[in-house]
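Working notes, structure below.
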Amino acid sequence: MDSLLPIKENEIVELRKKFIFQKDAQYEVQGKYLSPQQVELIERQVSCLKSGVSEDGLLYLASRHCGSSSL
């Protein structure tokens, strides 16, 4: 297992390059990694399912509703 650690750490470095890291230091203790597609949806202000990975590796899924009508 210890011999795999350097290999997996290198893989993580390469994978991080494919995601966008976001953190609002004023409001968030931990940042999150989002796919470029997720960032595009957020910027376009559309309703969608949001998914990402927190800085400590936890996956999350959240719904986002944009619009004048309530659900």
Side-chain angles (χ1 to χ4, degrees):
M1 184 98 166
D2 290 336
S3 62
L4 288 176
L5 191 57
I7 295 168
K8 293 300 180 184
E9 286 176 342
N10 289 337
E11 288 178 14
I12 290 171
V13 170
E14 289 302 312
L15 284 171
R16 282 184 180 156
K17 293 177 184 176
K18 297 179 182 180
F19 293 86
I20 297 170
F21 181 74
Q22 290 185 339
K23 181 178 181 178
D24 186 340
Q26 186 175 359
Y27 299 106
E28 297 175 317
V29 175
Q30 289 189 346
K32 56 190 172 251
Y33 291 93
L34 301 170
S35 71
Q37 295 87 358
Q38 289 286 320
V39 174
E40 181 183 330
L41 287 174
I42 293 167
E43 290 173 351
R44 287 181 26 213
Q45 297 290 317
V46 296
S47 298
C48 61
L49 285 177
K50 242 173 51 168
S51 63
V53 179
S54 67
E55 200 169 354
D56 61 355
L58 296 174
L59 297 172
Y60 70 89
L61 179 66
S63 64
R64 176 183 175 153
H65 174 71
C66 297
S68 58
S69 63
S70 61
L71 295 177

If every non-hydrogen atom of [X] is compared with every non-hydrogen atom of [Y], which pair is closest and at what distance?
| X | Y | result |
| --- | --- | --- |
| Leu34 | Tyr60 | CD2-OH, 3.1 Å |
| Glu55 | Tyr33 | CA-CE1, 4.3 Å |
| Ser47 | Cys66 | OG-N, 2.9 Å |

Strictly below 4.0 Å, N to O, side chains only: are Lys32 and Glu28 in salt-bridge contact?
yes

About how many Å separate [atom2] of [Y] and [atom1] of [X], when rounded to the nearest 0.5 Å?
| X | Y | atom1 | atom2 | answer |
| --- | --- | --- | --- | --- |
| Glu40 | Cys48 | CD | SG | 11.0 Å |
| Leu15 | Asn10 | CG | CG | 11.0 Å |
| Ile42 | Ile20 | CD1 | CD1 | 9.5 Å |
| Leu4 | Glu9 | CG | CD | 11.0 Å |

How about Lys50 and Gln38: do any of their side-chain heavy atoms sit closer than 4.5 Å?
yes

When you compare the side chain of Arg64 with that of Leu49, does any pair of heavy atoms fall below 4.5 Å?
no

Any sub-3.5 Å donor-acceptor pair from Ser51's side-chain atoms to Leu61's backbone N or O?
no

